[in-house]
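Contents: one structure, followed by commentary.
These numbers come from a predicted model, not from an experiment. In what follows, chains are A, B, ... by sequence order, proteins preceding strands, each numbered from 1.
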Amino acid sequence: MVKYNHKNVESKWQKIWEDKGVFHASDDTSKEKFYALIEFPYPSGQGLHVGHPRPYTALDTVARKRRLQGYNVLYPIGWDAFGLPTENYAIKNHIHPEIVTKQNIERFKKQIQSLGISFDWSREINTTDPDYYKWTQWIFLQLFKKGLAYKKEMNVNWCTSCKCVLANEEVVNGVCERCSSEVIHKVKSQWMLKITAYADRLINDLDLVDYPPRVKAQQKNWIGRSTGAEVDFKATTGDTLTVYTTRCDTLFGATYMVISPEHPLIEKWADKLENLDEIKKYQLEASKKSDFERTEVAKDKTGIRLKGVEAVNPVNNTQIPIFVSDYVLVSYGTGAIMAVPAHDTRDWEFAKKFDLPIIEVVKGGKDVQKEAFTDCATGILTNSGFLNGLSVEEAKKKMTAWLEEKKIGRAKVNYKLRDWVFSRQRYWGEPIPIVHCEKCGFVPIDESELPLKLPMVDSYEPTDTGESPLAKMTDWINTKCPCCGGKAVRETDTMPQWAGSSWYFLRYMDPHNNDALASKQALEYWSPVDWYNGGMEHTTLHLLYSRFWHKFLYDIGVVPTPEPYAKRTSHGMILGENGEKMSKSRGNVVNPDDIVNEYGADTMRLYEMFIGDFEKAAPWSPSSIRGCRRFIERFYNLQNILVDGDTIRPELESAFNKAIKKVGDDIENIKFNTAIAALMSLINEVTSFGSISKKELAVFTILLNPFAPHVTEEIWEICSLGEGMVAEQSWPEYDESKCVEQTIEIAVQVNGKIKAKLNISPDLEQNEVLKLAKDDENVKKAIEGMNIIKEIYVKGRIVNIVVKP
RNA sequence: GCUGGUGUGGUGGAAUAGGCAGACACAAGGGACUUAAAAUCCCUCGGACUAAUAAUCCGUACCGGUUCAAGUCCGGUCACCAGCACCA
């Protein structure tokens, strides 16, 4: 028994692959292409943990299999290297972020290469490389030119620890997505990207792509499209107060109105409001609440009634009071609502608290004095003049038409999605290529001046004032206006980390191009990404942002497809041994280096694919990994029972054909765990058979190669299984007719209970099978003296005899 | 609260399209080999009743339904996970 030495074998083959460029994508566009993509890593100081290789290995398996099937495969990697952790580390240790980034990348690269992933390293990219971010800036300029990037004074989320603004997508449960620190509101002038202009297409085009349902649902949810109507109410001051509602059918039941604390009419009405002081106080309190507090106290409704101004309900000319309350958000709809307490839970709570009238206008529910009746499907309109007797849906249509006819309302679609806050007050990011000129306003720098390089600074500490560290670089800031030649200053904020990752998959197609982000031919040939795997946590961040940028690039004719990724899958997390999320503080982190060192990369890869359902979280198990190592050794030792023969022998024919089918299908269906189980079953069968022919071993080796590339190359060589490397072979074909066993075992049931098992030929006719079944002693006993009601034979599966006394 | 998902042995997990529940592993127990240990190989391994690996019964979160047949389909309940959360 030869002991398998993974260390020598693995480094040997890794070197050969790299030297020969075996996994470089070819520019031969006559071949069918396959573009597999994983989310490129952020090279943090901690290095890799065992969670990283799960998706890399999964798509590596797919990529290797597709290469064997003759595809021209692009499977690239790079570094998403701008960002706060690096910058913070740099500040703490007084090392420039550029150097930190370089060190981290080196470490990551070494770790990833030790796993034998078939990345095309000749296409490696780095978002902090000026040759790369030149094009990130170029895309920003195109957005600016089309009016989709604009600077605006607005109320933004401010992370008190990162000391910079956050996008809405980066605020999770009222705290910073990255560092979990408190998020407060600040009014600041920020660069914004008009992602809302693409809201509809970002929803509708989900029909064009193959994403898991949960991903599509989450994106739709986040964009939050709702269809309804705007209604104009007149105030007693003569002003118009417009509200947005999805239930214009309930207009007759509107008994009061609510405006948000930030609503501009409050300012306008200042001299008419008898209780202005009280309202000002309420506004102030509302503004001081952080997002976290605001969601925490969401239960209890507060508010102040405006004294001196009321509104008129246009359908019945009744005067109704107006309240100010923070349960109405200024950023959604018109920042004002009509309140229908009988048919809206929030309005109902508010009405109960302030003792306001509750008028039922949709009947069919419970007593509206006791709870709101919100069901749209079953109710019938009542107390509603010309709407009486209609269903909710009919009433909505009729009311919208009536509002439009009277010119006091209109159909309207609203979204929860807000524009993307795109500037960050930090150093380690792409400079925004815009200058501000007093005469000309915001002017883009000339494209020939790209990349606008990040200047070297001595201190890149963030400031509490909300100014970028670049603001101190007076030499760099002061410049000439590209438009009028006058004095101008550069934008000192930088782009968020999501900028570089919003288009990186395009750069891989043609990574060294200096004239375009990628050539037309490369884009035409490689687009779209065929299979993109990534984490669920990016569903409403990177995945949404990059779809938006890609659609924009499509609109301006840069890319050939409306969607960037044809198919998306999502891996589950690898948890610690105790079933908790791996983290330093929990002390349950496993470093892949240790596993590769002790068991080898093949074992590591095999285990991560065997651990369970790829899409679900799975706890790390140090003892299960030994089972995978055993399998590798059993495979390696097949050489001891090798016999000559260039065919698959008849006794093993069906086992091999079935395995070829199963392994191939399972890899495509992200069921790596059962593909490996099938290979384990096959090796069990071969071992108990006692010998393996060269042909059989060759087939087995190719099937295993995508999972365990090193040991399979080694066996291929040692046993002289064929010309060249395994990586240069063809994926085996199976013969459907040979997948069938010559005899199969079927179960015989009587009244659904198993009474016997029969070994029969699968071709046997129903009559004969039933006859055999009824000849069985146990079956005979069970049906003796009973009347046979029904006899069922499902071919190749089961017999069921239904009897009654 | 809304949306999506999950629930199967001691453990990770299998089970086409409704057709033998527990594949493949791990752990555990027993045996072989060995001076011994490790490694390896062989056997057992959901539960109950059993001398029995004879027969029978129970068993896929819970309750009910459809069906010759339900882990799978339908209705309801519970628990857990993820995302969103006063979005009018």
I want to confirm an ordering. Mapping A/Lys661 and A/Ile683 to their closest nucleotides on RNA chain B, which one lands closer to the 5' end?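 Its nearest nucleotide lies further toward 5', so the answer is A/Lys661.
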
If you find the nucleotide of RNA chain B closest to A/Ile611 and the one closest to A/Lys755, which residue's nucleotide is nearer the 5' end?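 By nearest-heavy-atom nucleotide position, the 5'-most residue is A/Ile611.
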
Looking only at N and O atoms, is any donor in the side chain of A/Lys301 or the base of B/C86 less than 3.5 Å from an acceptor on the other one?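 Side chain to base: pair found, below 3.5 Å.
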
Taking atom [atom2] of [N] as reference, at what distance in whole Å does atom [atom1] of [X] sit?
X        : N     : atom1 : atom2 : result
A/Asp347 : B/G1  : CG    : P     : 19 Å
A/Asn640 : B/C41 : CG    : C1'   : 14 Å
A/Lys616 : B/A14 : NZ    : C1'   : 11 Å
A/Lys753 : B/U56 : NZ    : P     : 10 Å

Within the 4.0 Å heavy-atom criterion, would you say [X] contacts the bases, only the backbone, or no part of the nucleic acid?
X        : answer
A/Tyr415 : nothing
A/Asn673 : sugar-phosphate
A/Glu745 : base
A/Lys220 : nothing

Side-chain donor-acceptor pair under 3.5 Å between A/Glu170 and A/Trp498, yes or no?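 A donor-acceptor contact under 3.5 Å links the two side chains.
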
Cut-off 3.5 Å, side chains only: do A/Tyr636 and A/Asn5 have a donor facing an acceptor?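 A/Tyr636 vs A/Asn5: no donor-acceptor pair found between side chains.
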
If you measure from the [atom1] atom in [N] to the same atom in [M], how many Å do you get, rounded?
N     : M     : atom1 : answer
B/C80 : B/G29 : C1'   : 33 Å
B/G75 : B/G4  : P     : 14 Å
B/A52 : B/A48 : C1'   : 15 Å

Among B/A15, B/C24, B/U16, the one nearest A/Arg797 by side-chain distance: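 Per side-chain heavy atoms of A/Arg797, the pick is B/U16.
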
What's the closest nucleotide to the side chain of A/Ile792 if the choices are B/A27, B/A21, B/G19?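 Between B/A27, B/A21, B/G19, the one nearest the side chain of A/Ile792 would be B/G19.
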
Minimum heavy-atom distance between A/Tyr327 and A/Ile337, given as atom pair plus value: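 Looking at all heavy atoms of both residues, the shortest contact is OH-CD1, 3.8 Å.
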
Counting neighbours of CE on A/Met536 that are heavy atoms of other residues, nucleotides or ligands and sit closer than 6.0 Å, is the number greater than 12?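 Enclosed: over 12 neighbouring heavy atoms sit under 6.0 Å from CE of A/Met536.
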
For residues 795-805 of chain A, please give each side-chain donor-acceptor pair under 3.5 Å, one per line with the distance, not counting sequence neighbours.
unit_1   : atom_1 : unit_2   : atom_2 : d
A/Asn800 : OD1    : A/Gly752 : N      : 3.1

